[in-house]
Amino acid sequence: MIRLDGAGVTVSLPASGQARTRVLLHPTTLELAERRIAVIGANGSGKSTLLRLLNGLVLPSVGQVRVHGLDTARQGREVRKLVGFVFTDPLAQLVLATPADDVELSLRPLVRDRSERRAQALQLLAGRGLAHVADQSVYDLSGGERQLVALTSVLAARPRIVVADEPTTLLDLRNRDQVRDALAALEQQVVLATHDLDLAAEADRVLVVDGGRILADGKPAEAIGAYLRLVRG
Ligand SMILES: Nc1ncnc2c1ncn2[C@@H]1O[C@H](COP(=O)(O)OP(=O)(O)O)[C@@H](O)[C@H]1O
Ligand SMILES: [Mg+2]
C-alpha cells in the first residue's frame with residue numbers, strides 16, 4: 001500500500017536575481033493499493049516525478065509519501081528495500097560490468113556466502129533465459145536483454161513493489177513484448193509509467209498526469225479516454 005498525503009514537488013531554479021521555483025507535482029493525495037497501476041501522460045507531464053516519489057528517489061517538498069507505513073523522507077533506506085525501481089534506460093541502473101556481477105550485487109544484502117550468491121545470480125538469470133549472456137559486457141547486450149537483466153537485478157533484492165518508469169520505451173516490438181510479459185508475470189504490486197496505451201489498458205487502475213496534476217484516475221477505459229480527449233480534443 002502506497003499513500004501520498006498532499007505530496008507535492010517544487011524545485012528552485014537557479015536564476016540571476018530572485019530565486020524562482022517550479023512546481024513539478026502539485027500537492028497530491030492518493031492511495032495506491034491495486035496490483036497493476038499504469039501512469040500515462042505527455043512528455044514532461046510529471047510521470048517520472050510521481051514515480052520517483054514512490055521510492056524516495058525524489059522527496060516531497062510538501063506533504064508525505066508512505067509505503068507500507070514507512071515515510072520515504074525519514075526511512076528512505078527501508079523504503080528502497082521495499083520498492084524496486086526500473087529505469088527507462090537500463091544502463092542507468094546496471095552499475096557493474098556483467099549481468100552476473102550486477103545481479104550478485106543485488107543479492108549481497110540477502111546472501112552472505114560469495115559462491116552461493118554467484119550461484120543464485122546465475123540461476124536467476126537462467127530463469128529469464130539470460131544464462132548465455134551472464135558474463136558478457138552489459139554494453140554488448142540487446143536493449144531487451146539489458147532491460148531484462150535490469151529487471152532481474154531489481155527483483156533479486158526481493159522488493160514488494162516494483163516501480164517501472166517507461167521500461168519499454170526504448171525497445172523494439174519483440175523486446176517490448178518480452179519485458180511486458182515479464183512484468184505481467186510478477187506477483188508484486190507494479191506501478192508503471194508508459195506511453196503504450198495497450199499496456200496501460202491491462203492495468204487495474206490508470207492515472208493520467210498532466211501539468212503536474214492527476215487529471216484522471218480510474219478504470220483503464222475511462223482514464224485512457226480522458227487522456228485521448230486531452231491530447232486530441
Ligand atoms: N530536478 C528538476 N529540476 C527542474 N525541472 C525538472 C526537474 N525534474 C523534472 N523537471 C521538469 O519537470 C517536468 C516533469 O518532469 P518528469 O516528471 O520527468 O515528466 P515525465 O516523466 O512525464 O516526462 C518536466 O518539464 C521536467 O523538465
Ligand atoms: Mg519520465
Side-chain angles (χ1 to χ4, degrees), residues 2-30 32 36-65 67 72-73 76 79-80 83-94 143-144 146-147 150-151 154 161-172 175-176 179-180 183 190-201 203 205-218 220 223-232:
I2 303 170
R3 290 182 59 105
L4 277 72
D5 287 306
V9 179
T10 306
V11 290
S12 46
L13 301 174
S16 52
Q18 71 228 65
R20 289 196 305 131
T21 61
R22 177 160 179 209
V23 177
L24 306 190
L25 186 72
H26 293 271
T28 298
T29 297
L30 282 175
L32 303 175
R36 295 288 181 261
I37 298 174
V39 177
I40 60 176
N43 291 324
S45 57
K47 299 180 298 299
S48 296
T49 303
L50 176 63
L51 260 50
R52 284 161 186 247
L53 274 177
L54 308 183
N55 82 330
L57 274 176
V58 167
L59 296 178
S61 324
V62 292
Q64 261 195 336
V65 179
V67 182
T72 60
V79 167
R80 275 182 285 280
V83 186
F85 199 99
V86 178
F87 292 87
T88 308
D89 180 359
L91 288 180
Q93 89 187 50
L94 295 171
R146 236 180 243 164
Q147 192 56 288
L151 184 63
V154 166
I161 300 170
V162 174
V163 175
D165 192 357
E166 298 191 33
T168 60
T169 293
L170 300 176
L171 305 180
D172 67 19
N175 285 309
R176 200 164 82 197
V179 171
R180 268 176 72 153
L183 288 168
V190 177
V191 183
L192 135 147
T194 185
H195 291 296
D196 181 344
L197 297 183
D198 294 333
L199 180 55
R205 177 177 175 187
V206 175
L207 304 175
V208 182
V209 186
D210 181 54
R213 293 177 206 275
I214 308 294
L215 177 91
D217 174 5
I224 292 169
Y227 177 52
L228 292 175
R229 282 193 298 281
L230 171 75
V231 175
R232 295 180 175 155

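Everything quoted here is computed from the prediction, not taken from an experiment. What's counted below: heavy atoms across the whole structure, side chains too, no hydrogens, waters or symmetry copies. In each ligand, atom 1 is the first atom listed, and ligand 1 is the first ligand listed.
- For the ligand labelled ligand 1, residue Gly212 lies outside the 4.0 Å heavy-atom shell.
- Among all non-hydrogen protein atoms, the one lying nearest atom 18 (O) of ligand 1 is Ser48 CB, 3.5 Å.
- In terms of polar-atom proximity, Lys47 is counted as a contact of ligand 1, with an N or O under 3.5 Å from an N or O of the ligand.
- No donor-acceptor pair closer than 3.5 Å links the side chain of Arg22 to the backbone N or O of Leu13.
- For atom 4 (C) of ligand 1, the choice among Val11, Thr21, Val39 with the nearest heavy atom turns out to be Val11.
- From the protein, the heavy atom lying nearest to atom 27 (O) of ligand 1 is Arg22 NH1, 4.1 Å.
- Ranking the protein heavy atoms by distance from atom 17 (O) of ligand 1 puts Thr49 OG1, 2.6 Å first.
- Using a 4.0 Å heavy-atom cutoff, Gly41 is absent from the residues neighbouring ligand 1.
- Note on Lys47 versus Asp165: no salt bridge recorded, every NZ/NE/NH1/NH2 to OD/OE distance being 4.0 Å or above.
- Between the Glu166 side chain and the Asp196 main chain, no donor and acceptor come within less than 3.5 Å of each other.
- The shortest N or O to N or O distance between Asn43 and ligand 1 is not under 3.5 Å.
- Close N/O approach between Leu24 and ligand 1 is not found [any backbone or side-chain N/O within under 3.5 Å].
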